**Q** 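Here's a structure for you.
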Amino acid sequence: MRKKLFVAGVVTAALATIFLISLFFFRAPYLVLTNDQTGVLLFRHRIDEGDTFSVSYIHSVNQSPVTEIYRIKQGQIVLTALEFETFGAGMPTEVDPGQTLIHLPAGGFRIEGFNRVIGDLRYLIGHMADLTLHVDGQDVPLNTLDASGQSVHFAFRQLNIWQRGF
């Protein structure tokens, strides 16, 4: 009887150890938004290599909608395309080599082929910009995550189960 209890205890301890190790070491990729000044977590969303997300806003100068499209490539956030309604101050007027200007059927334009790695992606929440994150069919207004005037930092991170908040 003692031998069975001992074996059961060893097996239980081994399983508990494996479980605890897995909590700390098995990571999953996430898009993480934090307050740029305080580091406070504002939002996280599971996202894989190759997935896309976008941020739309009202351009501060020409007051028209703009959408910046990003893709996760090799663990980095990469600007791949830009959509906008009108040419004007602060908007591209020509494309660079390797880029394509597309006239959208519903109106407006899309420039594809940026392929620009963004080391530190930040957006400043403003009163009138209507900054909105679009990811996996969700629309997340940034002003619901933090106050106007705050800077939001976007990052691609590998999080363990404790960091994910489960």
Side-chain angles (χ1 to χ4, degrees), residues 13-61 64-84 90-92 95-100 102 104 108-166:
L15 290 174
T17 301
I18 290 169
F19 175 74
L20 290 173
I21 289 172
S22 71
L23 291 179
F24 288 101
F25 293 104
F26 292 125
R27 297 176 176 266
Y30 277 78
L31 177 64
V32 177
L33 280 62
T34 56
N35 177 292
D36 196 34
Q37 289 76 34
T38 66
V40 170
L41 177 68
L42 303 172
F43 179 83
R44 68 182 163 273
H45 184 80
R46 178 84 165 74
I47 192 166
D48 289 312
E49 180 75 22
D51 286 352
T52 62
F53 69 93
S54 63
V55 177
S56 62
Y57 56 91
I58 302 300
H59 194 276
S60 62
V61 177
S64 66
V66 175
T67 301
E68 296 176 347
I69 297 103
Y70 300 94
R71 180 178 302 278
I72 303 300
K73 287 185 181 180
Q74 298 177 343
Q76 297 180 307
I77 296 173
V78 178
L79 176 67
T80 60
L82 176 70
E83 291 183 358
F84 54 99
M91 299 310 302
V95 295
D96 292 334
Q99 294 177 345
T100 306
I102 299 167
L104 299 173
F109 307 92
R110 179 180 175 109
I111 298 177
E112 295 182 341
F114 279 93
N115 202 31
R116 187 175 301 152
V117 174
I118 308 295
D120 284 310
L121 180 59
R122 292 178 171 83
Y123 285 96
L124 182 65
I125 299 173
H127 292 290
M128 301 183 55
D130 292 331
L131 280 160
T132 303
L133 166 65
H134 309 280
V135 60
D136 282 340
Q138 293 183 43
D139 297 328
V140 182
L142 296 190
N143 64 4
T144 64
L145 303 177
D146 212 340
S148 181
Q150 295 298 307
S151 178
V152 178
H153 182 258
F154 287 61
F156 178 71
R157 301 273 185 260
Q158 298 288 331
L159 301 180
N160 64 38
I161 198 165
W162 295 114
Q163 295 167 318
R164 291 181 275 195
F166 295 105

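Just so it is clear, the model here is predicted, and its values are computed rather than measured.
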**Q** May I ask you to test the Phe53-Ile47 pair for a side-chain heavy-atom distance under 4.5 Å?
**A**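 Yes, side chains in contact.
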
**Q** How close do Val135 and Thr52 get, heavy atom to heavy atom, and via which atoms?
**A** CG2-O, 4.4 Å

**Q** Please walk me through it: do Ile69 and Arg110 pass side chain to side chain contact (heavy atoms under 4.5 Å, CB included)?
**A** CA-CA 10 Å; Ile69 297 103; Arg110 179 180 175 109; 3.9 Å; yes

**Q** Kindly compute the distance separating CG (Leu131) from CG (Asn143), expressed to the nearest 0.5 Å.
**A**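 Here the rounded value is 8.0 Å.
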
**Q** Let me confirm one number: the CG-CG distance from Asp48 to Leu31, rounded to the nearest 0.5 Å.
**A**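 Between Asp48 CG and Leu31 CG, I get 12.0 Å after rounding to 0.5 Å.
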
**Q** Does atom CD of Gln37 have more than 12 heavy-atom neighbours from other groups under 6.0 Å away?
**A** yes

**Q** Report the C-alpha distance between Gln99 and Phe114 in whole Å, list the side-chain angles of each, state the deciding distance to 0.1 Å, and finish with yes or no for side chain to side chain contact (heavy atoms under 4.5 Å, CB included).
**A** CA-CA 6 Å; Gln99 294 177 345; Phe114 279 93; 3.2 Å; yes

**Q** Which atoms form the tightest heavy-atom contact between Ser56 and His134, and what is the distance?
**A**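 Closest pair (atom of Ser56, atom of His134, distance): OG-NE2, 2.7 Å.
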
**Q** With under 30° as parallel and over 60° as perpendicular, where do the rings of Tyr123 and Tyr57 fit, or are they tilted in between?
**A** tilted

**Q** Is there a side-chain contact between Leu33 and Leu142 (heavy atoms, below 4.5 Å)?
**A**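 Yes, at least one pair of side-chain atoms sits under 4.5 Å.
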
**Q** Decide whether His153 and Asn35 meet the rule of one side-chain donor and one side-chain acceptor closer than 3.5 Å.
**A**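 Not at all, the side chains of His153 and Asn35 share no donor-acceptor pair under 3.5 Å.
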
**Q** Are Glu68 and Ser54 packed together at the side-chain level, in the sense that at least one heavy-atom pair is separated by less than 4.5 angstrom?
**A**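 When only atoms from C-beta onward are counted, Ser54 and Glu68 do not touch, as no gap falls below 4.5 Å.
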
**Q** To the closest 0.5 Å, what do you measure between CG (Asp51) and CD (Glu49)?
**A** 9.0 Å

**Q** With side chain to side chain contact (heavy atoms under 4.5 Å, CB included) as the test, would you mind laying out the steps for Tyr70 and Leu121 before giving the verdict?
**A** CA-CA 10 Å; Tyr70 300 94; Leu121 180 59; 3.4 Å; yes

